2 protein chains.
Amino acid sequence: MVQSVSRPAVPVAGVADEGRSESRGERKERTRRHILDAALDLCEDSSLVALSLRQVAKEVGIVPTAFYRHFDSIEDLGLALVEESFVSLREMLKDVRRSDPTYRTIIDSSVRVLGEHTMAQHSHFAFISRERVAGPPAVREAIRHQIDLVERELATDLARLTDPAHWSAEDLRVLSNLIVTLMVGATETIVNARPETRPAILETARTQLRMMLVGALRWSSR
Amino acid sequence: MVQSVSRPAVPVAGVADEGRSESRGERKERTRRHILDAALDLCEDSSLVALSLRQVAKEVGIVPTAFYRHFDSIEDLGLALVEESFVSLREMLKDVRRSDPTYRTIIDSSVRVLGEHTMAQHSHFAFISRERVAGPPAVREAIRHQIDLVERELATDLARLTDPAHWSAEDLRVLSNLIVTLMVGATETIVNARPETRPAILETARTQLRMMLVGALRWSSR
DNA sequence: CGATCCGGTGGACGGTCGTGCACCGGGACC
DNA sequence: GGTCCCGGTGCACGACCGTCCACCGGATCG
């Protein structure tokens, strides 16, 4: 028994106790957070499919069976992490939209925002890019669905920026998919590269978006 | 002892024996092949990092320790699979180059070849796209290195098709990276999609390449 | 022909895994 | 203030894991 009676249920204290005891709901939520953080951290250099419930429990400082009080399985945990990661991603997209509605500087500001967020939310972006192709089936599907939603939203954004005479709905969807694929690729490169190469990667992404923009401006659906 | 003395060392016979016994080298090579195939098959819906040596051995029909006669570890096996998978990929690229040197039809023929090869070598392409981001570090690195080589080769190909006055070496590298990223993305989509959606995915890839080609033709390095 | 090589066997080890179960003790509620 | 709820404990189970070891027997080689 490694936990003394004087520090009863809370597995690992984040801040000093300050005498004020939490409600049961707060406690549960806090443990849940610890589990999510620990899982995100532990699968950083492998994958959810190679993560064991016991590893997570040990990292959090609870007994393995206590895990079930919060999640049915690792896969269930994974779905929660998808949810959480896409909150990060959508905040990024909100920043992109807020930053600049003109397309003189839209590329620069978008790439800048991408760089900032992949740095600040590194674990979330790495998680998505990894589990997107290698996670448990249900997790993969959830991520694909979310990315699909993002693609659709981008397509409607693009519809406002382009000439409807030249751009069919289908082609907008295709362009949107192209841009998202490219950004996912850039994100994957960033999260797997050494930090000091980051500016060069972002510069590459900028140039690529410019090349595509040149194409898009001349495009006309047949 | 489940294997009778009448079927001595060979774990699982591929074709009828035809009375002719193999040399020791041939036997070893054959078992090695079975291991590679079994591993490729077993990690199809998870990842190398979730694959155990014992699963592979059981699938092949050998005792776990016999695995070590062929590979040091699962990671070592993974590197062999990378090697093998890129043989497939390079054969595809050879087909692409052979198919058409003019760029009237270069997009159509390239995408057609991509479709054919991802169908025929489905396991290899799925393996690369999965382990590229989720495999053991050494495997990831090997794949990145190979893709990097492909990118360089594409860049020199593009150098012959473009006007040197408008395209700097750096921009050729960036364009090459753009195309490869896009094709990797298309491949990932294909190997994870239901077979009947394949034509639509390829059509999307065609359109995207056309959009980029429009951009590339107007491009000029600043 | 006899010695050697080597891919295979089979058993055993210590460790980790997911999960079932009974139980505890403090917050929440009537 | 007594009762219930529920997130945590601790233990045990059978399964699977990688790896060590001694050994076998047919192919190979001098």
Side-chain angles (χ1 to χ4, degrees), chain A residues 1-13 17 19-36 38-39 42-43 46-78 136, chain B residues 1-13 17 19-36 38-39 42-43 46-78 136:
Chain A
M1 190 194 299
V2 72
Q3 301 207 347
S4 72
V5 276
S6 65
R7 185 157 57 86
V10 173
V12 45
D17 192 4
R20 150 99 167 66
S21 73
E22 305 160 295
S23 77
R24 193 142 73 187
E26 290 170 327
R27 287 249 181 131
K28 177 159 188 180
E29 182 51 31
R30 197 146 75 91
T31 305
R32 192 184 136 97
R33 269 254 52 82
H34 286 175
I35 293 177
L36 289 167
L42 284 173
C43 76
S46 53
S47 162
L48 260 192
V49 295
L51 183 63
S52 82
L53 175 160
R54 285 180 115 103
Q55 284 174 52
V56 178
K58 181 184 290 185
E59 178 79 8
V60 173
I62 57 176
V63 103
T65 44
F67 177 91
Y68 293 115
R69 304 291 185 198
H70 304 272
F71 302 98
D72 285 347
S73 61
I74 289 288
E75 177 169 316
D76 188 26
L77 200 184
Chain B
M1 189 192 300
V2 72
Q3 299 209 348
S4 72
V5 277
S6 66
R7 185 158 56 86
V10 174
V12 45
D17 191 2
R20 151 98 167 67
S21 74
E22 307 159 293
S23 77
R24 193 143 72 185
E26 289 170 327
R27 287 248 180 131
K28 177 158 187 180
E29 181 52 31
R30 197 146 76 89
T31 305
R32 191 185 137 95
R33 268 252 53 79
H34 286 174
I35 293 177
L36 289 167
L42 284 173
C43 76
S46 52
S47 161
L48 260 192
V49 294
L51 184 63
S52 80
L53 175 161
R54 284 179 115 105
Q55 283 175 51
V56 178
K58 181 185 287 186
E59 178 78 9
V60 173
I62 57 176
V63 104
T65 44
F67 176 91
Y68 292 116
R69 304 290 186 200
H70 303 273
F71 302 98
D72 285 346
S73 62
I74 290 288
E75 178 168 315
D76 189 26
L77 200 184

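In what follows, every chain begins at residue 1, and chains take the letters A, B, ... in the order their sequences are listed. These figures come from a predicted structure and were not determined experimentally.
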Can you tell me which nucleotide in [options] comes closest to the side chain of [X]?
X	options	result
R54(A)	dT19(D), dA28(C), dC17(C)	dC17(C)
A66(B)	dT9(C), dG8(D), dT19(D)	dT9(C)
H70(A)	dA12(C), dT9(D), dG7(D)	dG7(D)

Within this structure, what is the [atom1]-to-[atom2] distance between [X] and [N], rounded to whole angstrom?
X	N	atom1	atom2	result
E59(A)	dC17(C)	CD	P	13 Å
D76(B)	dT19(D)	CG	P	12 Å
L77(A)	dG18(C)	CG	P	12 Å
F71(A)	dG8(D)	CZ	P	11 Å
H34(B)	dG8(C)	NE2	P	11 Å
R27(B)	dC6(C)	CZ	P	16 Å
K58(A)	dG18(C)	NZ	P	12 Å
I74(A)	dT16(C)	CD1	P	17 Å

### Task
Using heavy atoms to find the nearest nucleotide of DNA chain D for G25(B) and P64(B) separately, return the residue whose nucleotide is more 5′.
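Taking each residue's closest nucleotide, the earlier one in sequence belongs to P64(B).
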
#### Entry: Short side-chain N/O contact from T31(B) to OP1 or OP2 of dG7(C), under 4.0 Å
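No, outside the criterion.
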
#### Entry: dT16(C) OP1/OP2 closer than 4.0 Å to side-chain N/O of S52(A)
no

Side-chain polar contacts of residues 49-56 of chain A - donor-acceptor pairs under 3.5 angstrom, sequence neighbours left out - could you list them?
| unit_1 | atom_1 | unit_2 | atom_2 | d |
| --- | --- | --- | --- | --- |
| S52(A) | OG | Q55(A) | N | 3.1 |
| S52(A) | OG | Q55(A) | NE2 | 3.4 |

## Note on the structure
salt bridge (charged side-chain N to carboxylate O under 4.0 Å, His left out) filter on R33(B), not counting sequence neighbours, yields D37(B), E84(B)

Give each protein N/O atom lying under 3.5 Å from an N/O atom of nucleotides 20-23 of chain D, with the pair distance.
none

Could you give the distance from [atom1] ([X]) to [atom2] ([Y]), rounded to the nearest 0.5 Å?
X	Y	atom1	atom2	answer
T31(A)	R69(A)	OG1	CZ	12.0 Å
H34(B)	E29(B)	NE2	CD	10.5 Å
R32(A)	L36(A)	CZ	CG	5.5 Å
L42(B)	K58(B)	CG	NZ	10.5 Å

What side-chain donor-acceptor pairs closer than 3.5 Å can you find for residues 70-78 of chain A, not counting sequence neighbours?
| unit_1 | atom_1 | unit_2 | atom_2 | d |
| --- | --- | --- | --- | --- |
| S73(A) | OG | E75(A) | N | 3.4 |
| S73(A) | OG | D76(A) | N | 3.2 |
| D76(A) | OD2 | D72(A) | N | 3.0 |

